[in-house]
Amino acid sequence: MNSSTLTDARLELIAAARHFYQQGWMVGTAGNLSVRLPDGSFWITASGKSKGELAPSDFVRIYPDGRVEKAADNSKPSAETAIHQAIYNLFPEAASCYHIHSVEANLVSHFAQADVLPLPPLEMLKGLGVWEENPNCVMPVFANHLQVKRIADEIKERFSVTPPQVPALLIRNHGVTVWAPSPTEARNYIELVEYIFRYMVAAHRVGMR
Ligand SMILES: CSCCC(=O)C(=O)COP(=O)(O)O
Ligand SMILES: [Zn+2]
């Protein structure tokens, strides 16, 4: 992979972040996006950047051994890098991991039963890889600890025993994270889970269960 291909990977994340920002899913500095490269390293958004106007220099490269490449302006990697590392270690096929904060993601986290969110059997689930008639599908829900490493450790612990049915997880009162084989698919997954969350909030409002 040459350096222009690496730049391209960041450009796709910049476009996705701008789109998510415009949807109200990455307002202010909320959320973080990453893309894994063939050598196992990944680019992740630097911490505290406005996600509506990212530039290629707003990414930090992390190597498989955890080494952080020093950024020109001393930018730090996302405070939630440990979650992206956990996802890449758990799912070898994952090449991109997107995390956003939407109002709907936070609302539906209150519909969770224990540590899972039951998902309605919508056709849209096929886009997340669930090809069943009337699927009984749940999204894993995690507590939002102040220490991100604790969230990452709980993800590792749980998914290494019970793999999720969909490539997504919800952190209560925080946001949703998806992973996919490419940035394009990760963007689609975010749109699909957001559609499902919007449907759930609307259904709840009219008393549907
Ligand atoms: C205002 S968002 C609080 C931190 C957070 O949850 C997030 O997603 C952004 O953190 P980062 O360090 O990636 O900017
Ligand atoms: Zn977050």
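All values below come from the heavy atoms of this structure, side chains included, with hydrogens, waters and symmetry mates left out. Starting from 1, each residue takes its place in the sequence as its number. Counting starts at 1 for both ligands and their atoms, following the listed order.
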Quiz item: Taking the Zn ion (ligand 2) as the vertex, how big is the angle to NE2 in His101 and NE2 in His99, rounded to 10°?
Solution: 90°
Any donor and acceptor pair, going by atom type alone, linking the side chain of [X] with main-chain N or O of [Y] inside 3.5 Å?
X: His99; Y: Val176; value: yes
X: Gln165; Y: Val138; value: yes
X: Arg36; Y: Pro92; value: yes

What's the shortest distance from [atom] to any protein heavy atom, and which residue and atom give it?
atom: atom 3 (C) of ligand 1; value: His101 CE1, 4.2 Å
atom: atom 13 (O) of ligand 1; value: Ser78 OG, 2.7 Å
atom: atom 14 (O) of ligand 1; value: Gly48 N, 2.8 Å
atom: atom 10 (O) of ligand 1; value: Asn32 ND2, 3.8 Å
atom: atom 12 (O) of ligand 1; value: Ser47 OG, 2.6 Å

Exercise. Can you see which heavy atom on Val148 is nearest to which on Glu80, and at what distance?
Key: CG1-CA, 3.8 Å
Quiz item: If you look at every heavy atom in Glu194 and Ile100, which pair is closest and at what distance?
Solution: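 Looking at all heavy atoms of both residues, the shortest contact is OE2-CD1, 3.5 Å.
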[X]: numbered ligand 1 atoms lying under 4.0 Å from its heavy atoms:
X: Ala79; answer: 11 (P), 12 (O), 13 (O)
X: Ala30; answer: 2 (S)
X: Thr29; answer: 1 (C), 9 (C), 14 (O)
X: Gly31; answer: 7 (C), 8 (O), 9 (C), 13 (O)
X: His174; answer: 6 (O)

Quiz item: Considering only heavy atoms, which of Glu80, His99, Lys51 lies nearest to atom 6 (O) of ligand 1?
Solution: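 Residue with the shortest heavy-atom distance to the ligand atom: Glu80.
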Quiz item: Considering only N, O or S atoms, which atom of His174 is nearest to the Zn ion (ligand 2)?
Solution: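 For His174, the N, O or S atom at the smallest distance from the Zn ion (ligand 2) is NE2.
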Exercise. Can you label the angle between the Trp179 ring and the Phe91 ring as parallel, tilted or perpendicular, going by 30° and 60°?
Key: parallel
Quiz item: Any ion pair linking Arg150 and Asp153 (charged N to carboxylate O, less than 4.0 Å)?
Solution: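 No salt bridge links Asp153 with Arg150.
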Quiz item: Ser96 and Glu185: side-chain donor and acceptor closer than 3.5 Å?
Solution: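 There is no such pair between these side chains.
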Exercise. Determine the sole option in Thr81, Ile87, Val35 for which the side-chain contact (heavy atoms from CB on, under 4.5 Å) test with Phe42 is passed.
Key: Thr81
